[in-house]
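These numbers come from the heavy atoms of this one structure, side chains and all, not from hydrogens, waters or symmetry mates. These numbers were taken from a predicted model, which means no experiment stands behind them.
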Amino acid sequence: LRLRALFLFAVGILAAVLTLENIESIDVYSNTKDNSTQWKITERVYEEDEERFAEKSVFEEGEICSYFSSGSSSYTSSKLWQTHLPQIFQASHHPSMPQKSKLSTDELGDPDSYNPSEAKVMHDLLEDILTTTRLRKGLMHIPPTTKSSHEIIDNVIRIVQNRIRAPEDYPPLNIAVLGGSVTSGRGCDKARVQNKNCAWPKRLELLCNQFFSTVLNSKQNRKESYSIVKVYNMAIGGTSTQSTATKLIEYWMYPKELKESGPDVIINSYSTNDSLPEYDAVDAVINVMERVQKSAQTFLRAALTSKPCRTAPPLVLYVDDYLGPQQPSILGEMSYNTAITQLSKWYDTMAVSYADVVRDIVYKDTGGRLFFTEWDVHYGHWAHQTIAWTVGFAAIELTSRFCDDEYQKRFDRKSQNENDVGGVDIANLVTPKGQEQHQTSQLVHPFVLPPPLTRDLLLKNATAEFEAAKEQYRLNDAKCNTSDEQLSIDHSPCAITVMSSPGLDTGGSLNKMMSKYTTNNKNWAIENDIKNGGWKNKIGWVANNPNATFTLTFTDLSKDIKAMTIFYLKLYGEKWKNSRARFTISTTTNDNRENILSKEDVWGVHNITASTTESIKFLLSDTVASGGTMKVKVDLISGNTFKILGMMICRY
């Protein structure tokens, strides 16, 4: 039996070899005997494929997938990127960039501003270094167009498609970017402390809009400028996901343009600040990973539940743009990346890593300056441009997967002459004007938050936890009211919100608030000097002498109040030694007695050689009813100074 088996095996191998040789001989023959005939056959097959595709084309003119047609049923991001590389090169130029990055004489109309060396760097980066093979390394997780993330992606596609078809009737895709000083553009333009026009969020907006304009104009034989996306850079230096980002989302502290409906896409770009280990961490690698898992998960759950009832959640995107240097271990520098990869897959949301795109280049030569600065977490304009390309490539990947899925569904429908695609028909994703609020009132695949990914989630109880999550969704859904009144309510749970940051308007300046509500003040004042680096570029309400004190009195509050959150600065050095303030929150009873609702001491100094924005929430022992009065007294009880950056007085 063994001999027989060996014999049969040998025969099989011999047959395979002869088959391969025969195939090879045919290829060689066709190429050597009549090469022109071979090219003609290939050309005819391609033309026939094109003809079949044209006959069975499933995308109508004006649909987003039709603009990216590659001439076949394949919509790979690599093919689209390579096909449109000249347009991407052009779309990366813009006169609003710093002088060193102004590359296009056509746009500038000033030959003296043209910098050929910069143009060559950009060309070499796109053509030789940042190839599609390398850009694909940055795709940490792209959510599928089915199940939990289905409605989220459909909503994004719908908004973009509406804007393309009728830009005068529909708003652009609104993107809110949250981050620290890196995202605000510190170090991008050497002439300024921070420059949001130089930072990657602005570059991403320009890249998307100019690329769309080029592609659409070429398809429609027009010459117009399209504004498909609008990016709001809400970055605040020295902040983190835990201290600031989650609270901005929870308390609806958006720019005024986003107050009504919120952003369609939320980008978290806090990788640098979230990667900073705690001062007293025993194991910095584990410390960063566990803190990121906790803070990022809290942020994700807040963002994914931030929209009104029965409205598609925003698409949440994490951007990892951190390479170091904040701890000695490379494994530690990659802790953030590891944690975000886990969470993005668990919640089926989007994650992109600039760090993964260039990590091997940077770590092989840490002295290089193009993508990384060895002694500083901030970097120059080419790194910012590469981040924009990385996110842009990921957006094409998301779209290409959507188009691939839709092509297959529609192709099957057309082949079988069925009436139902079996999925969302994006030909009908254009919302009739005046019905925007109802476009997601009947969710096909409602988004259900999975149970939190923690050490307490065990394999043996996972099924029960997922069932509990579904039940919680059903309970929340039952409370929803789809009337116009319900969908247009004030989304903010706060009566007072103010946050000082250059370029970020979150409901009024700190100075105006203090002027309006201060009833007693001794040695506290606004500090407004953003011309210099370090802590001075943060506008704040500052104690200037020991024992400084002030009182705020809020009357006729517009909402029931149960909590107050403050944002404050933590610094280091002699000036901030022993900095500590006491916050006392009170109200007055019917018999004019003071009722203390909360009292807590807050330190304004730490041992880390960095200035960080921190936050603390004071939970009140009793609710201050709407229309009532609340007082906040702040005393500097030790040290010489303390700096408050913002305040929120809210229902929770």
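Remark: the backbone N or O of Ala296 is paired with a side-chain donor or acceptor of Tyr318 at under 3.5 angstrom. The closest donor-acceptor contact from the side chain of Ser181 to the backbone of Gly237 lies at 3.5 Å or more, if one exists at all. Listed for the Asp280 side chain is no donor-acceptor partner under 3.5 Å among the backbone atoms of Val282. When atom types are taken as modelled, the side chain of Arg401 and the backbone of Pro144 share no donor-acceptor pair closer than 3.5 angstrom. Side chain of Thr373 to backbone of His378: a donor-acceptor contact under 3.5 angstrom is found. Using a distance-only test at 3.5 Å, with no hydrogens or angles considered, a donor-acceptor pair links the side chain of Lys307 to the main chain of Pro263. Listed for the Glu614 side chain is no donor-acceptor partner under 3.5 Å among the backbone atoms of Phe567. Of the possible donor and acceptor atoms, one in the side chain of Glu205 sits under 3.5 Å from a partner among the backbone N and O of Val231. Between the side chain of Ser271 and the main chain of Asp321, a donor-acceptor pair closer than 3.5 Å is present. Judged by distance alone, the side chain of Trp252 and the main-chain N or O of Lys259 form a donor-acceptor pair under 3.5 Å.
Glu471 pairs by the side-chain hydrogen bond (donor to acceptor under 3.5 Å, both in side chains) definition with Arg474, not counting sequence neighbours. Thr338 is linked by a side chain to side chain contact (heavy atoms under 4.5 Å, CB included) to Met289, counting only residues two or more places apart in sequence or in another chain. Residues meeting the ring-ring contact (aromatic ring centres under 6.0 Å, His included) test with Tyr572, sequence neighbours left out: none. Applying the side chain to side chain contact (heavy atoms under 4.5 Å, CB included) test to Ser344 and every residue at least two apart in sequence or in another chain returns His141, Thr349, Ala351. A search for salt bridge (Lys or Arg N to Asp or Glu O under 4.0 Å) contacts involving Arg134 returns Asp360, not counting sequence neighbours.
Around NZ of Lys470, the count of heavy atoms belonging to other residues, nucleotides or ligands within 6.0 Å does not exceed 12.
Pro313 is not listed as a side-chain neighbour of Thr305, based on a closest heavy-atom distance of 4.5 Å or more. Counting heavy atoms from C-beta outward, Leu323 and Tyr379 have side chains that stay 4.5 Å or more apart. Inter-residue side-chain proximity for Pro314 and Val265 is flagged as unmet; no heavy-atom pair is nearer than 4.5 Å. The closest side-chain heavy-atom distance from Arg163 to Ile159 is not below 4.5 Å. Between Gln385 and His381, every side-chain heavy-atom pair lies at or beyond the 4.5 Å cut-off. When side chains are defined from C-beta on, Asn337 does not count as touching Tyr322, because their heavy atoms never get closer than 4.5 Å. Counting heavy atoms from C-beta outward, Pro255 and Met234 have side chains that approach closer than 4.5 Å. Annotation: side chain of Asn174 is not in contact with side chain of Val229 (no heavy-atom distance under 4.5 Å).
Ion pairing of Glu250 with Lys247 is absent here, as no side-chain N (NZ or NE/NH1/NH2) approaches a carboxylate O to less than 4.0 Å. The pair Lys137-Asp356 does not meet the salt-bridge criterion, since no charged nitrogen lies less than 4.0 angstrom from a carboxylate oxygen.
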Open item on the list: With side-chain contact (heavy atoms from CB on, under 4.5 Å) as the criterion, how do Met499 and Thr244 come out once you've worked through the C-alpha distance, each side chain's angles and the decisive distance to 0.1 Å?
Closed with: CA-CA 10 Å; Met499 180 72 181; Thr244 307; 4.2 Å; yes
- [ ] Assess whether ring-ring contact (aromatic ring centres under 6.0 Å, His included) is satisfied between Trp81 and Phe393, documenting all intermediate values.
- [x] CA-CA 7 Å; Trp81 187 269; Phe393 181 82; 5.5 Å; yes
TODO: Could you go through the side-chain contact (heavy atoms from CB on, under 4.5 Å) check for Leu125 and Trp382 one step at a time?
DONE: CA-CA 9 Å; Leu125 283 173; Trp382 284 124; 3.7 Å; yes
- [ ] Walk me through it: do Thr386 and Trp200 pass the test side-chain contact (heavy atoms from CB on, under 4.5 Å)?
- [x] CA-CA 8 Å; Thr386 304; Trp200 70 260; over 6 Å; no
TODO: Please assess Met140 against Ile340 for the test side-chain contact (heavy atoms from CB on, under 4.5 Å), listing each intermediate value before the final yes or no.
DONE: CA-CA 9 Å; Met140 297 169 68; Ile340 293 302; 3.9 Å; yes
Task: Steps toward ring-ring contact (aromatic ring centres under 6.0 Å, His included) verdict (Phe466, Trp346) - done: CA-CA 12 Å; Phe466 273 95; Trp346 183 254; 5.7 Å; yes
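Counting only N and O atoms by type, the side chains of Ser295 and Gln242 include no donor and acceptor under 3.5 Å apart. Defined by atom type and a distance below 3.5 Å, a donor-acceptor pair is present between the side-chain atoms of Thr183 and Ser269. For the residue pair Glu333 / Ser275, no side-chain donor-acceptor distance below 3.5 Å is found, with atom types taken as modelled. Looking only at atom types and distance, the side chain of Tyr270 has a donor-acceptor partner in the side chain of Thr239 under 3.5 Å away. A side-chain donor from one of Gln293 and Gln342 sits under 3.5 Å from a side-chain acceptor of the other. Side-chain atoms of Ser240 and Asn273 include no donor-acceptor pair closer than 3.5 Å. Side chains of Thr399 and Glu397: no donor on one and acceptor on the other come within 3.5 Å. Between the side chains of Trp389 and Ser92, a donor-acceptor pair is found at a separation under 3.5 Å.
Taking both residues in full, the closest heavy atoms of Gln82 and Thr132 are given as NE2-OG1, 3.2 Å, listed atom of the first, atom of the second, then distance. Nearest approach of Thr246 to Ala302, heavy atoms of both residues: CG2-CB, 4.0 Å. Across all non-hydrogen atoms, the minimal contact from Lys202 to Lys196 is CB-O, 3.3 Å. Considering every non-hydrogen atom in both Leu80 and Ile396, the closest pair reads CD1-CG2, 3.9 Å. Heavy atoms only, all atoms of each residue included: Tyr251 and Pro493 are closest at CD2-CG, 3.5 Å. Considering every non-hydrogen atom in both Ala303 and Ile249, the closest pair reads CA-CG2, 3.8 Å.
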Listing, residues 449-464 side-chain donor-acceptor contacts under 3.5 Å, not counting sequence neighbours, or none:
{"from": "Thr454", "atom 1": "OG1", "to": "Asp456", "atom 2": "N", "distance (Å)": "3.2"}
{"from": "Arg455", "atom 1": "NH2", "to": "Glu290", "atom 2": "OE2", "distance (Å)": "2.8"}
{"from": "Asn461", "atom 1": "OD1", "to": "Leu458", "atom 2": "N", "distance (Å)": "3.0"}

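Among the candidates Leu398, Asn155, Ile266, the single residue satisfying the side-chain contact (heavy atoms from CB on, under 4.5 Å) test with Leu315 is Leu398.
Of the inter-residue distances, the one linking Met647 atom CE with Ile566 atom CD1 reads 7.0 Å to the nearest 0.5 angstrom. The CG atom of Leu135 sits 8.5 Å away from atom CG of Leu126, with the distance rounded to the nearest 0.5 Å. Separation of atoms OG (Ser579) and NZ (Lys570) is listed at 10.0 Å; rounding is to 0.5 Å. A distance of 9.0 Å separates CZ in Phe89 from CG in Leu85, rounded to the nearest 0.5 Å. Here the straight-line distance linking atom CH2 of Trp603 with atom CD1 of Ile616 works out to 13.0 Å at 0.5 Å rounding.
At least one cation-pi condition fails for Lys345 and Tyr347: the charged atom is not both under 6.0 angstrom from the six-membered ring centre and inside a 45 degree cone around its axis.
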